[in-house]
Amino acid sequence: MNIRQLLDHHVSKALIAAGAPDKTPAVIKQSNRAEFGDYQANGVMGAAKKLKINPRELATKVLENLDLSDIAEKVEIAGPGFLNIHLKSAWLAEQLELALNSDTLNISPATHPQTVVIDYSAPNLAKEMHVGHLRSTIIGDALVRVLTFIGHKVIRQNHVGDWGTQFGMLLAHMNSLPSSGEALSMQLSDLEGFYRTAKKRFDDEDGFAETARDYVVKLQAGDAECHALWQQFIDISLQHCEDIYSRLNVLLTRDDVMPESAYNHDLANVIKDLDTAGLLTEDQGAQCVFLDEFKGKDDKILPAIVQKSDGGYLYATTDLAALRYRHKELHANRVLYFVDARQSLHLNQVFAIAKAAHFVPQEMQLEHMAFGTMMGKDGKPFKTRDGGTVKLIDLLKEAEQRAFDLVSEKNPDLSEDERKKVAHTVGIGAVKYADLSKNRSSDYIFNWDTMLSFEGNTAPYLQYAYARIQSIFRKAGKIDDTATLHLNEAAEKQLATKLLQLSEAIELVVKDGTPNILCNYLFELAGNFMSFYEACPILKADDEIKNSRLKLAKLTAQTLDTGLGLLGIETLDQM
RNA sequence: GCGCUGGUAGCUCAGUUGGAUAGAGUAUCUGGCUACGAACCAGAGGGUCGGGGGUUCGAAUCCUCCCCAGCGCGCCA
């Protein structure tokens, strides 16, 4: 059940019955002030303008054709032609009962289930994951959960970077070390340091660069020994990623890994097929695709290079092969790319080429869910003091440590094991929420303290609301599920209405790939609960009211747990 | 030069096909724990929505010009 959609349906029908043309939008919104009701319909004014009639007269006609008597206690015309809809408490209570008795909180599944491929995380295996990988990993994972929840078939794709010239350097360094097996594994436990050392040798050491290039050639030629070395490196590096995913409570596993190298065999075909489609142009020795839509104002067309003059392929080629695979093998209707905004031109070129070459059908939805670059406090691209990046693992450890210190202070009675568990859940939740709650497609500023804050609009605030409810239940004993819901107090009605709006938040997240909408919803829900908690005593109320309020609390807990779950954030009974 | 993204309170950010008095968090100030958990609640102050012009009953939102910032624009990914 989705209140906005329900009202939209009724008001649209009434608009048409009142003389508005077909498909006139009702423009239903949640009212931002209590005096304007719970919802408002703003479509009358737009329709009146088109019909060139007085909006208030049209509003009157719409009201004559609008029967919301089951849902609303009153519908008023206000201002230049707003329709203010005040929902009926009894109807809200009925809907709450339906949600309480449903495994999915009575949220309607998608009317047209799709197969959706989600391309996210995609670290470069040559190095360790750093804080810049957080957005793609966390936001992509939230979309996986939300789309799955409403009934889409979701296929995760971790397009990791496991190929390219830098691996020659790493393998050359790796093979020159005396150790192997477990000892080597130890060396690679600091992948970042390993990379830096190899890079330094590549830059400084005589002959090393040549050795590195030899390794690239051998690797690409399929040399068995070299391939085994490479495989060993990749396995260790992937294990690093999996440790992070597990700690972050991210769904990605090794089964979701579809590395760049998996498309190697198809790259020559991509070029051949582009040629057959008549899209290939040789320019300065390189194979390019020129599409009119990527023309600058000076009429110079921007090329997309798909094969270098030396015959080598580029990431555009790989992305085209991947896109074709996602259509032919995975049968995707929609593909979401959670990728840095800097790759916007590149991805749009790839999408356009794939469609022009008929690698994928025209109606396939290809969407770049872009996000900005991480900046330091000075507004410049983020770097540590020594010019490196902050390792993701270090951020997570710091988050858990700070959470541990806090829980030890707030709740010293918990055992150390319990405090560690709480610290993990709260610390990771805070980090994830800090990133999920921002919609910015622009750059964002990395800040330890805001990232690790436990107050205000943060995951711990939501987890705290949940833990408070669990505490009430521990004291309340058994709940009478047959009790009637009463929504007498303003705080009760406000909480009730908010509880029924999760579906509207999900609707927007699914459409735009913006989990911050869900964060915002959950923050408002928790806030409404906190106000209700202060204004309406639960355990001290008379039985009838007590049971009613316990049911409200129960549904709040379920909604918080479900909503946070969709963000990949866990709840706790105590914290 | 061209293009993409952004500019909203001291700071970090919301703002749903244009709607009513632009909202949160944080910081500052005031009040609230012998209380169902104070990681909280109630309240106060804080705004030329980068600037000009335009479209209309109505613009942070749409159009246009300008300023500022980040990024991208042929053989890295």
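Every chain is numbered from 1 and lettered A, B, ... according to where its sequence line falls, protein lines coming before strand lines.
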Reading RNA chain B from 5' onward, which residue's closest nucleotide shows up sooner: A:Ala526 or A:Arg342? A:Ala526
With a non-hydrogen cut-off below 4.0 angstrom, is A:Asn439 in contact with a base, only sugar-phosphate, or nothing? sugar-phosphate
Nearest-angstrom distance, P atom, B:rA60 to B:rU48: 14 Å
What is the nucleic acid contact for A:Thr165, judged by heavy atoms within less than 4.0 Å: base, sugar-phosphate only, or nothing? nothing
Name the nucleic acid region contacted by A:Gln574, choosing base, sugar-phosphate or nothing; use a 4.0 angstrom heavy-atom cut-off, strictly under. base
Is the distance between the ring centroids of A:Phe36 and A:Phe82 under 6.0 Å? no
For A:Leu314, which contact category applies under a 4.0 Å heavy-atom criterion: base, sugar-phosphate, or nothing? sugar-phosphate
Assign A:Ala535 to base, sugar-phosphate, or nothing according to its heavy-atom contacts below 4.0 angstrom with the strands shown. nothing
Side-chain ion pair, A:Glu507 and A:Arg4, N-O less than 4.0 Å: yes
Are A:Lys498 and A:Glu524 close enough for a salt bridge, meaning some N to O gap below 4.0 Å? yes
Less than 4.0 angstrom between a side-chain N/O of A:Lys410 and OP1 or OP2 of B:rA39, yes or no? yes
So that I can tick it off, tell me whether A:Asp203 and A:Lys199 are bridged by a salt bridge, with the cut-off set at under 4.0 angstrom between side-chain N and carboxylate O. yes
Indicate, with a heavy-atom threshold strictly under 4.0 Å, whether A:Ser471 touches base, sugar-phosphate, or nothing. base
For A:Cys536, report the nucleic acid contact type (base, sugar-phosphate, nothing); a contact means any heavy atom under 4.0 Å. base
Are A:Lys420 and A:Glu418 within salt-bridge range, i.e. N to O under 4.0 Å? no
Base contacts versus sugar-phosphate-only contacts with protein, heavy atoms under 4.0 Å: please encode nucleotides 18-24 of chain B as B, S and - from 5' to 3'. -BBB--S
Considering only heavy atoms and no angle criterion, is a donor-acceptor pair shorter than 3.5 Å present between the side chain of A:Tyr464 and the base of B:rA39? no
Is any NZ, NE, NH1 or NH2 atom of the basic residue among A:Glu398 and A:Arg402 found under 4.0 Å from an Asp or Glu carboxylate oxygen of the other? yes
RNA chain B: 5'-proximal contact among A:Glu534 and A:Gln307 (nearest heavy atom): A:Glu534
